[in-house]
Amino acid sequence: MGEKLKGIRLRRETIALGLLLLLAFGLRVAWLGTIPGNITADEADNLTTIFKIQVTGDPGLFDLDWKPQPAMSMYVFSAFMWVFGDNIFGMRMASAVLSTLALLPFYALARRVVRPVA
């Protein structure tokens, strides 16, 4: 009997986590292309690097970008822009997806340290 209750609790917990992730992703994407209404300086510099990667393939995957950090993250942003469009929405979509996915390990850590309800 206890195993059945554990399975029901685990299923409820999984459904609640899924709904929370959908809500978090929906809130991130709702006004992604319009808020904030301007492009920040860092976004403009990132876009310059991404467009340079798309046209020339330079800097390389492990070369330094404008920050100077490895350009690998700009390749990830470039892939998102290839899928979602060469605009600010496409660039910000990478942050929306990755920050939503980051909630999964955070939840696993919080569940392990505190309790499932937390």
Side-chain angles (χ1 to χ4, degrees):
M1 185 70 172
E3 193 67 34
K4 185 176 180 181
L5 288 175
K6 187 176 181 181
I8 290 172
R9 272 189 253 132
L10 184 60
R11 187 173 44 204
R12 285 183 183 169
E13 183 180 338
T14 305
I15 290 171
L17 179 61
L19 291 174
L20 179 68
L21 289 175
L22 283 174
L23 177 66
F25 184 70
L27 290 174
R28 283 173 171 81
V29 174
W31 299 282
L32 196 61
T34 58
I35 297 177
N38 59 342
I39 296 175
T40 66
D42 287 347
E43 287 175 333
D45 289 334
N46 286 341
L47 282 172
T48 302
T49 304
I50 290 167
F51 289 144
K52 188 175 178 184
I53 287 170
Q54 290 175 345
V55 173
T56 66
D58 192 45
L61 197 59
F62 297 106
D63 292 337
L64 300 179
D65 62 4
W66 67 272
K67 295 182 205 46
Q69 294 177 358
M72 187 180 303
S73 63
M74 293 296 106
Y75 278 85
V76 172
F77 279 78
S78 180
F80 273 90
M81 288 180 69
W82 182 75
V83 172
F84 294 104
D86 281 339
N87 51 31
I88 198 66
F89 179 84
M91 191 183 108
R92 290 177 180 168
M93 183 59 98
S95 295
V97 169
L98 295 175
S99 64
T100 302
L101 290 177
L103 292 173
L104 288 171
F106 176 75
Y107 174 76
L109 176 65
R111 185 179 189 277
R112 182 177 179 183
V113 172
V114 186
R115 289 185 12 211
V117 176

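The shown structure was predicted, so the numbers you read here are calculated from the model rather than taken from an experiment.
Residues passing the side-chain contact (heavy atoms from CB on, under 4.5 Å) test with Leu19 are Ile15, sequence neighbours excluded. Every residue two or more places apart in sequence or in another chain that forms a side-chain contact (heavy atoms from CB on, under 4.5 Å) with Val97 is listed here: Phe25, Phe80, Met93, Leu101.
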Show me, pair by pair, the donor-acceptor contacts under 3.5 angstrom made by side chains of residues 82-90, not counting sequence neighbours?
residue	atom	partner	partner atom	Å
Asp86	OD1	Gln54	NE2	3.3
Asn87	OD1	Phe89	N	3.2
Asn87	OD1	Gly90	N	2.9

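Put simply, Leu103 and Leu98 are part of the same group of oily side chains (I, L, V, M, F, W, Y) that touch within less than 4.5 Å, one to the next. Under a hydrophobic-cluster definition in which Ile, Leu, Val, Met, Phe, Trp and Tyr are linked whenever side-chain heavy atoms come within less than 4.5 Å, directly or via other members, Trp66 and Ile53 are assigned to different clusters. Hydrophobic cluster membership differs between Leu64 and Ile50, with clusters built from Ile, Leu, Val, Met, Phe, Trp and Tyr side chains linked at under 4.5 angstrom. Cluster annotation: Phe51 is connected to Ile39 through the hydrophobic network of ILVMFWY side chains, with a link wherever side-chain heavy atoms come within less than 4.5 Å.
Counting all heavy atoms, side chain and backbone alike, Tyr75 lies closest to Pro59 at OH-O, 2.7 Å. Residues Ala96 and Leu32 come closest through the heavy atom pair CB-CD2, 4.3 Å.
Residue pairs meeting the salt bridge (Lys or Arg N to Asp or Glu O under 4.0 Å) criterion with at least one partner in residues 57-71, sequence neighbours excluded, are Asp65-Lys67. Pairs passing the salt bridge (Lys or Arg N to Asp or Glu O under 4.0 Å) check and including a residue from residues 23-48, sequence neighbours excluded, read Glu43-Arg92.
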Original post:
What's the verdict on side chain to side chain contact (heavy atoms under 4.5 Å, CB included) for Arg111 and Glu13, showing C-alpha distance, side-chain angles and the deciding distance?
Top reply: CA-CA 11 Å; Arg111 185 179 189 277; Glu13 183 180 338; 2.3 Å; yes
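Clustering of Ile, Leu, Val, Met, Phe, Trp and Tyr by side-chain heavy atoms under 4.5 Å joins Leu22 with none of the others.
The one candidate from Leu21, Leu23, Val29, Leu27 that meets the side-chain contact (heavy atoms from CB on, under 4.5 Å) condition with Thr100 is Leu21.
Rounded to the nearest 0.5 angstrom, Met74 CE and Asn46 CG are separated by 3.5 Å.
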